[in-house]
A.B. asks: 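This structure is in structure tokens; I'll ask about it shortly.
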Amino acid sequence: MTVRPLRLGLRRRAATVRKKLYRRATVLRTALMLRFFLPLRARRTARLRYAAVLDGQTVNLHAELPGSVTRVGDAEIELRRGRETHRTPARLYEGAGGRLLMDAAVLLGDEVGGVPVTPGRWKLRLHVRSGGSTRRVPLLLLEPPTPYDGPTRPMEVSPITGHRYRVGRTATGTVRVVCGAARAAVEVVNVHIEHAGIRVDFRVLGMRPDAPWAEFVASGRRVPRPLAVVEPGVWRVAVPLADMKPLGRRAEHWDVLMCSAEHRPVRVARRLHDVRNPGRVFAMRKIVVAPAPGHLMTIEPRYTPAGNLRFTCSSMAAAE
């Protein structure tokens, strides 16, 4: 056995061991929280009936306050990470049975005018003012958010910035928001198909490429194309349809990549959405063009199940 396969095998075994240990630690941590911390803290905390990220950048909260909180004024949600603290308004009102309830919608990200959170774990706490005093009430999350079925899915990525947000809880049951930086991505803005060529507008997230270019790639073929800035944050690539004409009778599937010297090529895609079937929801019409005299070609733009933008080009003879 050579050194490289041996190292690969050891890495896989180590990864398997880490996964098993993580699963066991998660089970023990959850059991400790449910059997000890949650019953101990239930009477002194606000119990969250609902907590989820709905639109990829807004945390929606609905909680029932403990019976010890009776006289209240204004309320705020505090987000704390280390020494950094931010606050946003919350609404208190009386529900059935006279219990006080709380609703809050916390917009995250200073780029969209929300709370300027940074990557990391942020604990949430309710501040209730009564007269001249302020009471700090922990927010207890009894049940974590559960996925739901349907044509849409929970969206935990901001469609504007690409930053990732999810609701979780600490070992003692306190709710927290876990924020992650945007991953390197190239998000489609518009696709224009004309008889002479294709234009694709896109946004770049999670990286700052220097002197980038685009490439249209099919099996064994590669067409490099320059980029132009359409508006701040939006790039455009254009390619003549004659360069994408099939060389034979078989259809050719073209993907679009954004390339730069300091980053690996990134596929141009559409992933910042909450639909489960992007190929069907974001379907585009198939058209017939003449990229060269005496040659007809069909172009079918679509999104793959992974969200990648793809153009399937076929000669009319192959399409018939």
Side-chain angles (χ1 to χ4, degrees), residues 45-65 72-93 101-129 134-141 144-148 152-170 173-189 202-208 231-234 269-275 307:
T45 59
R47 302 178 63 176
L48 282 164
R49 295 179 176 177
Y50 182 82
V53 180
L54 291 187
D55 60 355
Q57 56 194 18
T58 304
V59 179
N60 290 264
L61 304 171
H62 174 65
E64 178 182 340
L65 273 63
V72 297
D74 297 332
E76 292 179 318
I77 297 293
E78 176 192 83
L79 292 88
R80 177 184 293 273
R81 177 174 177 264
R83 297 182 179 180
E84 189 175 358
T85 301
H86 304 288
R87 293 185 184 181
T88 185
R91 184 174 73 94
L92 299 181
Y93 59 98
L101 304 177
M102 181 276 296
D103 286 338
V106 184
L107 180 63
L108 302 176
D110 56 350
E111 300 90 344
V112 295
V115 180
V117 293
T118 53
R121 293 175 170 83
W122 293 80
K123 291 183 180 180
L124 274 62
R125 187 163 54 177
L126 178 65
H127 283 230
V128 179
R129 284 189 289 271
T134 300
R135 178 173 177 178
R136 298 172 179 83
V137 182
L139 294 170
L140 196 64
L141 182 60
T146 56
Y148 52 84
T152 61
R153 54 177 171 76
M155 189 169 182
E156 298 179 343
V157 179
S158 168
I160 306 300
T161 64
H163 294 164
R164 294 166 288 125
Y165 305 109
R166 66 176 178 85
V167 173
R169 54 185 176 178
T170 67
T174 299
V175 68
R176 66 183 177 187
V177 175
V178 182
C179 306
R183 295 171 179 168
V186 180
E187 187 75 5
V188 173
V189 176
F202 56 82
R203 297 184 294 131
V204 178
L205 303 170
M207 58 179 174
R208 294 183 179 180
E231 59 183 73
V234 179
R270 188 168 184 177
R271 297 191 178 95
L272 302 185
H273 55 77
D274 61 352
V275 302

A.B. asks: How many angstroms lie between CD in E76 and OG1 in T134, if you round to the nearest 0.5 Å?
C.D. replies: 8.5 Å
A.B. asks: CZ/R80 to OG1/T85 distance, rounded to the nearest 0.5 angstrom?
C.D. replies: 3.5 Å
A.B. asks: Please step through side chain to side chain contact (heavy atoms under 4.5 Å, CB included) for the pair V128 and D74, ending with a clear verdict.
C.D. replies: CA-CA 6 Å; V128 179; D74 297 332; over 6 Å; no
A.B. asks: With side chain to side chain contact (heavy atoms under 4.5 Å, CB included) as the test, would you mind laying out the steps for R176 and R169 before giving the verdict?
C.D. replies: CA-CA 5 Å; R176 66 183 177 187; R169 54 185 176 178; 5.6 Å; no
A.B. asks: Any heavy-atom pair between the side chains of V234 and R203 that's under 4.5 Å?
C.D. replies: yes
A.B. asks: Taking the side chain as C-beta and beyond, is there a heavy-atom pair between M102 and E64 under 4.5 Å?
C.D. replies: no
A.B. asks: For A51 versus V167, what's the shortest heavy-atom pair and its separation?
C.D. replies: CB-CG1, 4.1 Å
A.B. asks: Please tell me if the side chains of M207 and V186 come closer than 4.5 Å, counting only heavy atoms from C-beta onward.
C.D. replies: yes
A.B. asks: For residues 53-60, tabulate all N or O donor-acceptor pairs below 3.5 Å that involve a side-chain atom, not counting sequence neighbours.
C.D. replies:
from, atom 1, to, atom 2, distance (Å)
D55, OD1, Q57, N, 3.1
D55, OD1, T58, N, 2.8
D55, OD1, T58, OG1, 3.1
D55, OD2, T58, OG1, 3.1
Q57, OE1, S158, OG, 2.6
N60, ND2, T58, O, 3.3

A.B. asks: Under 4.5 Å between any side-chain heavy atoms of L61 and L48, yes or no?
C.D. replies: yes
A.B. asks: Would you say the side chain of V106 lies within less than 4.5 Å of the side chain of L79, judging by non-hydrogen atoms?
C.D. replies: yes
A.B. asks: Measure across L101 and L65 and return the closest heavy-atom pair with its distance rounded to 0.1 Å.
C.D. replies: C-CD1, 4.2 Å
A.B. asks: Which atom pair, heavy atoms only, marks the closest approach of I77 to A104?
C.D. replies: CG1-CB, 3.8 Å
A.B. asks: Please step through side chain to side chain contact (heavy atoms under 4.5 Å, CB included) for the pair T161 and L205, ending with a clear verdict.
C.D. replies: CA-CA 7 Å; T161 64; L205 303 170; 5.8 Å; no
A.B. asks: Of all heavy-atom pairs between L126 and A75, which one has the smallest distance, and what is that distance?
C.D. replies: CD1-CB, 4.1 Å
A.B. asks: Table please: side-chain donor-acceptor pairs of residues 107-124 below 3.5 Å, with sequence neighbours left out.
C.D. replies:
from, atom 1, to, atom 2, distance (Å)
W122, NE1, T118, O, 2.8

A.B. asks: Does any non-hydrogen side-chain atom of H127 lie less than 4.5 Å from one of R87?
C.D. replies: yes
A.B. asks: Just how far is it from atom CG of L272 to atom NE2 of H163, taken to the nearest 0.5 Å?
C.D. replies: 11.0 Å
A.B. asks: Determine, for R136 against E78, whether the closest basic-nitrogen to carboxylate-oxygen distance falls under 4.0 angstrom.
C.D. replies: no
A.B. asks: Are the side chain of R166 and the backbone of V177 linked by a donor-acceptor contact shorter than 3.5 Å?
C.D. replies: no
A.B. asks: Take R183 and R164 through the test side chain to side chain contact (heavy atoms under 4.5 Å, CB included) and record every step on the way to the result.
C.D. replies: CA-CA 9 Å; R183 295 171 179 168; R164 294 166 288 125; 3.3 Å; yes
A.B. asks: Of all heavy-atom pairs between L139 and A63, which one has the smallest distance, and what is that distance?
C.D. replies: CD2-CB, 4.3 Å
A.B. asks: Could you pull out the closest heavy-atom pair between V137 and A46, with the gap in Å?
C.D. replies: CG1-N, 3.5 Å
